[in-house]
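In what follows, a single structure is set out as C-alpha cells and then discussed.
Any value given below was found using the heavy atoms of this structure, including those in side chains, with hydrogens, waters and symmetry copies removed. Quick caveat: nothing in here was measured; it's all calculated off a predicted structure.
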Amino acid sequence: VQLQASGGGLVQAGESLRLSCVASGKIISINGMGWYRQAPGKQRELVATITSGGSTNYADSVKGRFTISRDNAKNMVYLQMNSLKPEDTAVYSCNANLQYYTSTGYANSDYWGQGTLVTVSS
C-alpha cells in the first residue's frame, strides 16, 4: 500500500492550487483521509480531514479558503486551496486510515504519502 501526493508548486498570494493524493495497493476500504502540513521550523499540523461518509473538519486557519473532498471509487483525496497566503507555505502530506489485504488476512493501519511542497510568495 502506498499514498502518492501531487499538485504542489509556487504561487503568488491570492492564487489557488489543488492537491491530489491517491492510495494504491491491496486496499479493502479507506476510512478517514486527511491533509497535514509542516512549515519550516514548525510542527506538523492538521489542515483538513474527511470521513468515508464525507464529513469534514478544518483547521481554523484554512476555514473558508480550503476544501477537502474525496473520490471513494478512485481512492483519492483532494485539497482545493484558494486565496493562498504566504503563511500557507509548507510541505503538505496526505494521510489515510485504511484496511488492506495481507498474506495472512487483512490489517488496518495509517499510511502517509510523501510530502508535496507548496510555496506562496507575497
Side-chain angles (χ1 to χ4, degrees):
V1 175
Q2 65 177 358
L3 271 62
Q4 184 166 359
S6 61
L10 171 63
V11 297
Q12 292 189 334
E15 295 185 338
S16 299
L17 275 178
R18 188 193 194 207
L19 305 183
S20 300
C21 176
V22 59
S24 61
K26 297 181 179 180
I27 297 169
I28 300 172
S29 64
I30 302 178
N31 302 315
M33 304 183 82
W35 289 95
Y36 294 74
R37 68 186 181 186
Q38 186 167 20
K42 295 186 177 181
Q43 289 189 330
R44 184 168 61 193
E45 63 175 359
L46 180 149
V47 176
T49 61
I50 185 168
T51 67
S52 57
S55 296
T56 58
N57 179 55
Y58 295 93
D60 287 343
S61 59
V62 307
K63 282 182 181 177
R65 300 188 297 122
F66 290 11
T67 302
I68 188 171
S69 60
R70 61 189 284 175
D71 184 331
N72 292 329
K74 297 181 179 179
N75 290 341
M76 294 193 71
V77 62
Y78 307 95
L79 186 68
Q80 178 66 43
M81 305 185 293
N82 298 329
S83 302
L84 282 161
K85 304 176 181 180
E87 51 263 44
D88 294 318
T89 295
V91 174
Y92 286 70
S93 300
C94 56
N95 169 273
N97 178 270
L98 50 85
Q99 192 175 57
Y100 56 97
Y101 292 108
T102 69
S103 59
T104 57
Y106 62 91
N108 185 285
S109 184
D110 273 354
Y111 275 84
W112 289 89
Q114 93 291 359
T116 184
L117 178 61
V118 172
T119 304
V120 184
S121 64
S122 57

I need the minimum non-hydrogen distance between Ser122 and Ala13, along with the two atoms involved. CA-CB, 4.4 Å
Can you give me the closest heavy-atom contact between Tyr111 and Val1, atom names plus distance? CE2-O, 3.5 Å
Heavy atoms, side chains only, cut-off 4.5 Å: are Asp71 and Tyr78 in contact? yes
Let me confirm one number: the CD-CD1 distance from Gln99 to Ile28, rounded to the nearest 0.5 Å. 4.5 Å
Are Trp35 and Val11 linked, directly or through intermediate hydrophobic residues, by side-chain heavy-atom contacts shorter than 4.5 Å (ILVMFWY only)? yes
Arg65 and Leu84 have their tightest heavy-atom pair at NH1-CA, 3.9 Å
Full working for side-chain contact (heavy atoms from CB on, under 4.5 Å) between Leu98 and Asn75: CA-CA 10 Å; Leu98 50 85; Asn75 290 341; over 6 Å; no
Between Met33 and Ile68, is there a side-chain heavy-atom distance shorter than 4.5 Å? no
Any side-chain heavy-atom pair of Ile30 and Val77 under 4.5 Å: no
Hey, could you give me the CZ/OH distance between Arg37 and Tyr92, rounded to the nearest 0.5 Å? 4.0 Å
Gap separating the CZ atom of Arg18 from the CE atom of Met81, nearest 0.5 angstrom: 11.5 Å
Gln114 side chain to Ala5 backbone, donor-acceptor under 3.5 Å: yes
Within-4.5 Å side-chain heavy-atom neighbours: Val118 and Leu19: yes
Is there a side-chain hydrogen bond (donor to acceptor under 3.5 Å, both in side chains) between Ser16 and Asn82? Walk through the geometry before answering. CA-CA 4 Å; Ser16 299; Asn82 298 329; 2.9 Å; yes
Shortest non-hydrogen contact between Tyr58 and Phe66, atoms and distance: CE2-O, 3.3 Å
Step by step, would you call Val91 with Tyr36 a side-chain contact (heavy atoms from CB on, under 4.5 Å)? CA-CA 8 Å; Val91 174; Tyr36 294 74; over 6 Å; no
Enter the distance from Met76:CE to Ser20:OG here, rounded to the nearest 0.5 Å. 4.5 Å
Taking atom OG of Ser52 and atom CG of Asn72, what is their separation to the nearest 0.5 Å? 7.0 Å
Side-chain donor or acceptor of Thr119 paired with backbone N/O of Thr89 under 3.5 Å: no
With no hydrogens and no angle check, is any side-chain donor or acceptor of Arg70 less than 3.5 Å from a backbone partner on Thr51? yes
Working to the nearest 0.5 Å, report the span between CD1 of Ile50 and OG of Ser55. 8.0 Å
Asp60 and Lys63 ion-paired at < 4.0 Å: yes
So which atom in Leu3 and which in Asn95 form the shortest heavy-atom distance, rounded to 0.1 Å? CD2-C, 3.9 Å
